[in-house]
Every structure is written in C-alpha cells, then in structure tokens.
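Beneath this line is the structure, given in structure tokens, with notes to follow.
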Amino acid sequence: MSFSNIMDSNSYSGGVATDPDSAELISARERMLGPAYRLFYERPVHLVRGAGSHLFDADGERYLDAYNNVVSVGHCHPRVVAAITRQAETLNTHTRYLHDGIVEYSERLLATLGGEVDQVMYACTGSEANDLALRVAQMHTGARGVIVTRDAYHGNTEAVTAISPSIGGATTIGAHVRIVDAPDSYRSGGQVADRFLADVAAAIADLEAAGHGLSCLVVDTFFSSDGIYPDPSVLAPAVAAVRAAGGVFLADEVQPGFGRTGEAMWGFTRHGVVPDLVTMGKPMANGLPVAAMAARSEVLEAFAREVPYFNTFGGNPVSMAAAGAVLDVIEDERLMDNAARVGTALRDEISRIAAENPRIGDVRGAGLYVGVEMVTDPELKTPDRAGAHDLVNAMRDRKVLISVCGADGNVLKVRPPLVFSDRDVDWFSTEFAGAVAALG
C-alpha cells in the first residue's frame, strides 16, 4: 500500500496485539470499508462516549483528547446538542426555501470576518469549500495557476487533491500547481519571511512562464500540515506579491479558525492581512458536517453571475442551528481567552519538559495549537520521525491522544478542544514527561 504522509504518519499498520473485540471490529471494518480508510495509533482506540475534553472507550477507560478540533467547543456540548435537537424536531430542509436560520448565522459569521469579506456560501466539508473557492478564484482572475506549501492538505476532491501534496500515494499534483517551502522558523530563523516571499515570487514567475497565470495562493494560516509554523510575519509580503501579479489570497481556516489561536477568531488576522477568500469546516458546528466559503463580493461576482450554486445539505436549518450554538459557546464561555491562557500554560509546561530532553528541538504555537519538533540531533536539527511515532503511541497508551504532522512526520501535533482546562494541562504534562523520559 502506498504511503500518505498525512494519513500514515500516525496510523494503524497491523501486527500489534489488540484485545479480541477490537481485533474483530478492525477486521470487519477493513472487510467492508476497504483499505483506503486509516485508523489512528498502532493500537486503535475504540471510543464510545465523549464529554468536554475527555473521551471514554468501550472498557470505560477515560482518555484526554489533546488532538480533536472537530468538536472544538468540547465533545457533546449540551448547548450544541440542545440546538440540534430543537431544530431537528421543528424543520430540516435545504436552502431553496426561505429560512431565518441561514440569514441570521451568516450575519454573525461575516461580522467576525470584517467588512471586506462580505458574502458566504455553504457546503458540508472543507474539501467542498476549497473546491468551490478554487472555481471562484479561477473565474475571477481568468487564470488557473495555484501556489501551495510543500506538505499542505486542503481536502480530497479531485481539484483539491491536486493542491494537497501531503496526501501522497498515487495522487498527482496538478501541472498548474507550484509548491513552495513552508516558513520553517525553526530552521530559517529571522530569514523566514524573506525566504517565503522569494519562493512565492519564483512560483509566480514560473506559472506565468508556463502559461497558467496566477489564480491564487492557498495557505492554511497556521501551516498546520507542514509542521505548525505560527510566525505572523510571513504572509503579508507574499500576499502583496500575489495581488500585484493579479492573483487572490485564499485563507484555509479549517484548522486555525474559530478562535483556536487565542489571539483572534481567524488565523489570518494574526498576519495582518484580509483574504479575498476564506474557507472553513471542521470546528464550525462541533461535529456536524458544515463548511463555508466566504468571499469579497467583487471576487465572487463573476462566479455568482455565471454559475448557479446549490448544495443540498449545505446551510440546512439543523446545521445552522448547530453552528450558531458554537458561536454562542465561544462567546459566552470566553473560549478564545481560555485558549490564550491555557494554551500558554500548556506550551510553558511542554517547554519545561523539553529543556531537559535534547530530542525535543522546538516548541511552538499559539493558543491551543502546539507543535513539538522531535529531532535526533539538536545541533543539526535532524527530524526524528521514528521518535515522534513512538512518543505518540506511548501517549496513547498513557490515555492521552495526540498526533503528528510535518513533511518528515516528526512534529507532535497538540490541538485539544477549546475547553481544555488547567487540570487537563496537568494531566497532559504528567503523562508527557513520563513518555519522554521513557523514550530515552
């Protein structure tokens, strides 16, 4: 089977002893779903219940969820559950009928994006939203060329697979796509913004020389799949170069959006730029499949004039009720403030542990999004894929769930629900310290 960096750096590969019930469930899953699907961890976790930042398996064992941004305001948040239930008991249909819910939610959502991004279209997944955004950018610019980062992930439709190098395997990066290095602040130091700008400028020139022209720069504003690079100085110069060449900037906010950084509602705000297109997905409705593409109306105008758009489930009343409840919880429970405060405490604790272990080369992040770089040599900064893999699975055995990212699969990805607490930080830190010490 081919290797996919984003899918296989932390996936079940078989051959590791599991209990009989799990083994039977794994076998049935593989038989009926086929081999394309992946499971986390060398010993997959059979989860049956969740509450807040905690999960429970089939044996009643409790786990700390330090990875999941789908349920961004916590597993089974009662306000979200209640909103879904009320609306499902009343009406659920599509967007070709008038309904208050989609208008009210859209007004609230657009208010968080600022006045320049003033229209929104709905879908069910981030993949769909990015697919739609590529079509909008192409019709607005009249060009097809796209610039992405080296280990980006933007979804799994045919169009966005072509701009998602991290999927790997038999997927093909499009001839109209140019790849640039992510802004690796750990290795590039103070030159990171200049290098990123130079790479983007070279990609623009190459696309124009090849006859594709420049449609858009597509960036996850935390460079999540590339290895989590939060430096806020890198995007503004590159975006200016893209716009000068006639392209637009598409901010993929599926992972950094909805307050995760603790500094702002959206990752792009940290960079001091306003995108032309914004996409969002996973955290939007706390587990319901809801996604959106927001745009400057002048960028959307050509597509909206020429292409009728309809998505059967995108923007349905139940999804809008769930998404509205998520905004309520973020605001009323001050989860951005929590992300900033608890996230700082979490990074401080990880940094304290890292100071005693040379195999941890860097700790970086903002809010409740932390990248921990594992290296074999701190002087050479040599990526340690095997060490990261072992540490993730050691944490799983200690009932703490994290994952990995980055081109070399060596960056621990710590991205808990926004309700992560001080007690959760203590739990995480105790188990992380133990797992690091045992790693040797």
Side-chain angles (χ1 to χ4, degrees), residues 6-82 84-85 125-126 254-255 260 281-290 322 325-326 329 346 368-370 389-405 412-421 423-428 430-432 434-435:
I6 193 169
M7 297 293 289
D8 293 320
S9 291
N10 177 32
S11 66
Y12 172 68
S13 57
V16 176
T18 59
D19 64 89
D21 289 341
S22 293
E24 183 178 350
L25 193 58
I26 291 167
S27 177
R29 173 187 164 111
E30 290 176 345
R31 184 173 66 254
M32 289 182 282
L33 300 185
Y37 281 85
R38 306 293 200 269
L39 286 163
F40 275 137
Y41 310 114
E42 288 294 351
R43 291 200 304 122
V45 184
H46 180 189
L47 300 173
V48 297
R49 184 168 66 88
S53 54
H54 300 168
L55 291 160
F56 300 84
D57 70 10
D59 296 321
E61 295 285 344
R62 184 170 60 129
Y63 291 75
L64 178 63
D65 186 352
Y67 175 74
N68 208 321
N69 81 320
V70 177
V71 286
S72 63
V73 300
H75 292 274
C76 303
H77 194 289
R79 291 183 67 178
V80 180
V81 172
I84 292 169
T85 303
T125 68
V254 170
Q255 295 197 60
R260 175 152 297 280
K282 290 182 180 71
M284 203 167 170
N286 217 49
L288 253 63
V290 184
V326 167
V329 172
L346 178 62
L368 283 170
Y369 209 160
V370 185
H389 175 273
D390 291 346
L391 193 51
V392 165
N393 283 282
M395 290 290 281
R396 173 257 178 266
D397 290 342
R398 291 170 173 268
K399 308 294 191 295
V400 177
L401 305 181
I402 59 173
S403 191
V404 292
C405 59
L412 306 180
K413 188 176 190 178
V414 185
R415 185 192 55 183
L418 300 182
V419 293
F420 215 63
S421 68
R423 288 186 177 182
D424 292 334
V425 171
D426 291 342
W427 181 359
F428 181 96
T430 297
E431 300 304 335
F432 187 66

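Numbering of residues begins at 1 and proceeds along the displayed sequence. No experiment lies behind these values; they were computed from the predicted model shown.
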**Asked** Out of curiosity, Leu401 CG to Arg396 CZ, how far, rounded to the nearest 0.5 Å?
**Response**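 That separation rounds to 8.0 Å.
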**Message:** As an exercise, state the distance from CD1 of Ile402 to CD of Glu431, rounded to the nearest 0.5 Å.
**Reply:**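 Separation between the atoms: 11.5 Å.
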So [Y] and [X], do their side chains get closer than 4.5 Å, heavy atoms only?
| X | Y | answer |
| --- | --- | --- |
| Val48 | Asp57 | no |
| Glu42 | Ser13 | yes |
| Phe428 | Val414 | yes |
| Arg260 | Arg415 | yes |
| Leu64 | His54 | yes |
| Phe432 | Leu391 | yes |
| Val400 | Trp427 | yes |
| Arg29 | Leu39 | yes |

Atom of [X], atom of [Y] and distance for their closest heavy-atom approach:
| X | Y | answer |
| --- | --- | --- |
| Ile26 | Pro44 | CD1-CG, 3.8 Å |
| Ala435 | Met395 | CB-SD, 3.8 Å |
| Ala322 | Ile84 | CB-CG1, 3.7 Å |
| Cys76 | Gly50 | SG-O, 3.5 Å |
| Asn68 | Val70 | OD1-N, 3.0 Å |

**Item:** Residue pair His46, Asp59: steps toward the side-chain hydrogen bond (donor to acceptor under 3.5 Å, both in side chains) verdict
**Value:** CA-CA 9 Å; His46 180 189; Asp59 296 321; over 6 Å; no
Are the side chain of [X] and the backbone of [Y] linked by a donor-acceptor contact shorter than 3.5 Å?
| X | Y | answer |
| --- | --- | --- |
| Asn69 | Pro416 | no |
| Arg79 | Val326 | no |
| Arg62 | Gly60 | no |
| Thr430 | Asp426 | yes |
| Arg423 | Phe420 | no |

**Request:** May I ask you to check whether His77 and Asn286 show a side-chain donor-acceptor distance below 3.5 Å?
**Result:**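 On atom types as modelled, these side chains do not qualify, holding no pair under 3.5 Å.
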**Asked** Could you go step by step and tell me if Glu30 and Tyr37 meet the side-chain contact (heavy atoms from CB on, under 4.5 Å) rule?
**Response** CA-CA 8 Å; Glu30 290 176 345; Tyr37 281 85; over 6 Å; no
